[in-house]
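Encoded as structure tokens, the structure appears first; notes follow it.
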Amino acid sequence: MPENTDFNRVSVLVVGGGPSGLATAIQLRVLNPEIDVCVIDKALDPGNHNLSGAVLEAEPLHSLLDAAAPDWRDTDVAKDVLANVIDKDDIMFLLGKNMAFNIISMIKLSKKMGLGVGQLIHEGDYSVSISKLTKWMTQIARDVGAEVLKGFAAQDILYDAPSGKATGVKLVDQGLDKEGHKQPNYLEGEVIEADFVVLAEGCDGLLAEKFIEAAGLERECPQLYSVGVKELIKVSPEQYEKFGAGRVVHAMGYPIWTPVIGPGMFGGGIVYAGAKDHLSVGMIVGADWKYCDFNTQDALTLFKEHKFVKRFIEGG
């Protein structure tokens with residue numbers, strides 16, 4: 001990597017130190033070790049703002065890691081982060097408070113037919129902590145020569161109208177009170193210029209919105225939003241064993257969708273096996289619900305009370 005300790009000017013600037021931003025930095029350095037790549041992230045430490053658990057597809061992760069760290073399978077961190085390999089994948093349709101139907105066979109048939117719904121199948125994938133994954137990927141990015149700077153929040157995108165491209169970002173000003181007035185410790189945010197800027201700050205991030213407006217871009221599809229709530233529940237060893245360490249459940253239907261009679265909301269519930277004797281139970285609902293008295297936390301409570309779910313978490 002070219003000697004660069006200033007970082008006010010870099011070849012590639014990645015805004016956002018989550019899995020996507022780090023994967024970008026890692027792949028760029030693998031493909032071209034001569035370019036300087038800098039990742040900035042507002043969190044003070046890796047993984048601080050990546051709190052969710054998730055099901056992670058194995059193939060693209062393996063491809064990335066094989067190129068960047070060929071011996072990754074033998075490392076302790078890999079065995080920790082990727083400890084939960086999904087060997088049982090259930091997709092349930094919940095009808096009312098007591099009935100549950102496993103429709104995974106229909107989903108597998110859809111996959112064989114090439115239908116998009118087949119992507120819901122996760123056997124062979126990983127159930128991971130995104131925070132742990134981010135910490136690991138941060139170290140890999142640094143090992144391949146990318147600079148990952150923590151505690152650097154970007155405020156504005158620098159846009160050159162004649163060329164139609166972003167030329168860098170401006171960091172947030174420091175030392176302002178809550179009204180925006182300068183305090184004695186005020187420090188103006190620095191400018192980081194770059195040949196290429198990659199915005200990996202999450203869905204509809206601040207800089208992405210500013211760039212879209214400055215460049216006069218239009219969406220081809222409307223942005224979808226959802227609200228998710230999740231609980232990490234410590235259960236008995238017997239309940240955990242009954243659920244299965246390598247199992248994930250995705251559920252649709254009750255309590256947010258019932259055929260014909262309603263309600264009718266997009267989303268569903270999840271139950272993932274976590275660390276030993278822990279289950280992650282959650283509810284994700286599209287934010288376009290039309291019911292003024294709906295509450296996602298209430299929906300999660302009803303989901304936990306369903307007969308299928310309750311037997312795994314009761315008393316937890």
Side-chain angles (χ1 to χ4, degrees), residues 18-19 43-58 61 75-94 96-102 104 120-139 226-256 267-285 294-316:
L44 295 179
D45 288 301
N48 278 16
H49 291 181
N50 307 94
L51 302 179
S52 179
V55 169
L56 189 68
E57 289 187 48
L61 179 65
T75 64
D76 290 338
V77 63
K79 294 173 183 176
D80 177 38
V81 176
L82 305 179
N84 283 4
V85 180
I86 298 170
D87 56 23
K88 188 174 183 182
D89 185 16
D90 292 326
I91 300 178
M92 310 300 297
F93 180 78
L94 307 183
K97 300 178 180 180
N98 298 305
M99 291 186 288
F101 305 94
N102 195 341
I104 188 64
L120 292 172
I121 297 175
H122 294 292
E123 288 182 14
D125 293 341
Y126 300 105
S127 177
V128 301
S129 159
I130 294 296
S131 180
K132 285 185 177 182
L133 177 69
T134 301
K135 293 178 189 294
W136 182 26
M137 292 181 67
T138 297
Q139 188 56 54
S226 60
V227 177
V229 292
K230 185 184 72 173
E231 294 179 0
L232 187 61
I233 302 176
K234 189 176 191 302
V235 299
S236 69
E238 294 76 19
Q239 287 173 311
Y240 187 79
E241 183 179 358
K242 186 176 181 179
F243 183 80
R247 184 182 184 186
V248 297
V249 171
H250 295 87
M252 61 184 72
Y254 180 85
I256 63 170
I270 61 167
V271 186
Y272 293 170
K276 184 173 176 59
D277 298 342
H278 285 76
L279 298 179
S280 296
V281 183
M283 175 65 62
I284 304 171
V285 186
F294 176 75
N295 182 291
T296 313
Q297 186 66 56
D298 292 341
L300 175 60
T301 300
L302 292 173
F303 178 68
K304 289 163 54 183
E305 286 295 319
H306 190 280
K307 182 179 179 180
F308 173 80
V309 179
K310 188 175 182 178
R311 58 187 169 137
F312 298 117
I313 62 172
E314 188 171 19

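- Note: Asn50 CG to Leu133 CG = 8.5 Å, rounded to the nearest 0.5 Å.
- The CE atom of Met99 sits 10.5 Å away from atom CG of Leu94, with the distance rounded to the nearest 0.5 Å.
- Proximity of Leu279 to Gln239: side-chain heavy atoms (C-beta onward) are nowhere separated by under 4.5 Å.
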task = Begin from the C-alpha positions of Val227 and Val285 and carry the test side chain to side chain contact (heavy atoms under 4.5 Å, CB included) through to its verdict.
result = CA-CA 5 Å; Val227 177; Val285 186; 5.5 Å; no
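- Nearest heavy atom pair, residue Lys304 against residue Ile233, reads CE-CD1, 4.3 Å.
- For Asn84 (side chain) and Gly274 (main-chain N/O), a donor-acceptor pair under 3.5 Å exists by modelled atom type.
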Intermediate values then yes/no, side chain to side chain contact (heavy atoms under 4.5 Å, CB included), Ile256 and Thr296 = CA-CA 9 Å; Ile256 63 170; Thr296 313; over 6 Å; no
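- The aromatic rings of His306 and Tyr254 sit tilted relative to each other, their planes meeting at an angle between 30° and 60°.
- Nearest heavy atom pair, residue Met283 against residue Pro255, reads CE-CD, 3.7 Å.
- Nearest approach of Phe308 to Arg247, heavy atoms of both residues: CZ-NH2, 3.8 Å.
- Within 6.0 Å of the CD atom in Glu57, the count of heavy atoms belonging to other residues, nucleotides or ligands does not exceed 12.
- Heavy-atom minimum distance, Pro46 versus Thr138: CB-OG1, 3.6 Å.
- The minimum heavy-atom distance between Ile284 and Ser226, with the atom names listed, is CG2-OG, 3.7 Å.
- At distances below 3.5 Å, at least one donor-acceptor pair connects side-chain atoms of Asn295 with backbone N or O atoms of Gln297.
- In this structure, CG in Asp90 is found 4.5 Å from CG in Asn102, a value given to the nearest 0.5 Å.
- Distance CD1/Ile130 to NZ/Lys135: 13.0 Å, rounded to 0.5 Å.
- Taken to the nearest 0.5 Å, the OG atom of Ser129 stands 11.0 Å off from the CG atom of Leu82.
- Ring geometry, His250 versus His122: the interplanar angle falls from 30° to 60°, so the pair is classed tilted.
- When side chains are defined from C-beta on, Phe243 does not count as touching Ile313, because their heavy atoms never get closer than 4.5 Å.
- Nearest approach of Phe312 to Val235, heavy atoms of both residues: O-CG1, 3.3 Å.
- Remark: side-chain polar atoms of Thr134 are not paired, donor with acceptor, to backbone N or O of Gly47 under 3.5 angstrom.
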request  = Could you please spell out the steps behind the side chain to side chain contact (heavy atoms under 4.5 Å, CB included) verdict for Val55 and Tyr126?
outcome  = CA-CA 6 Å; Val55 169; Tyr126 300 105; over 6 Å; no
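- When atom types are taken as modelled, the side chain of Asp125 and the backbone of Ala58 share a donor-acceptor pair closer than 3.5 angstrom.
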request  = Please report the C-alpha distance between Val248 and Ile270 in whole Å, then the side-chain angles of each, then the deciding distance to 0.1 Å, and finally whether the side chain to side chain contact (heavy atoms under 4.5 Å, CB included) criterion is met.
outcome  = CA-CA 8 Å; Val248 297; Ile270 61 167; over 6 Å; no
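- In this structure the side chain of Asp80 never reaches within 4.5 angstrom of the side chain of Trp136, judged on heavy atoms.
- In this structure, Asp76 places its CG atom where only 12 or fewer heavy-atom neighbours from other residues, nucleotides or ligands lie under 6.0 Å away.
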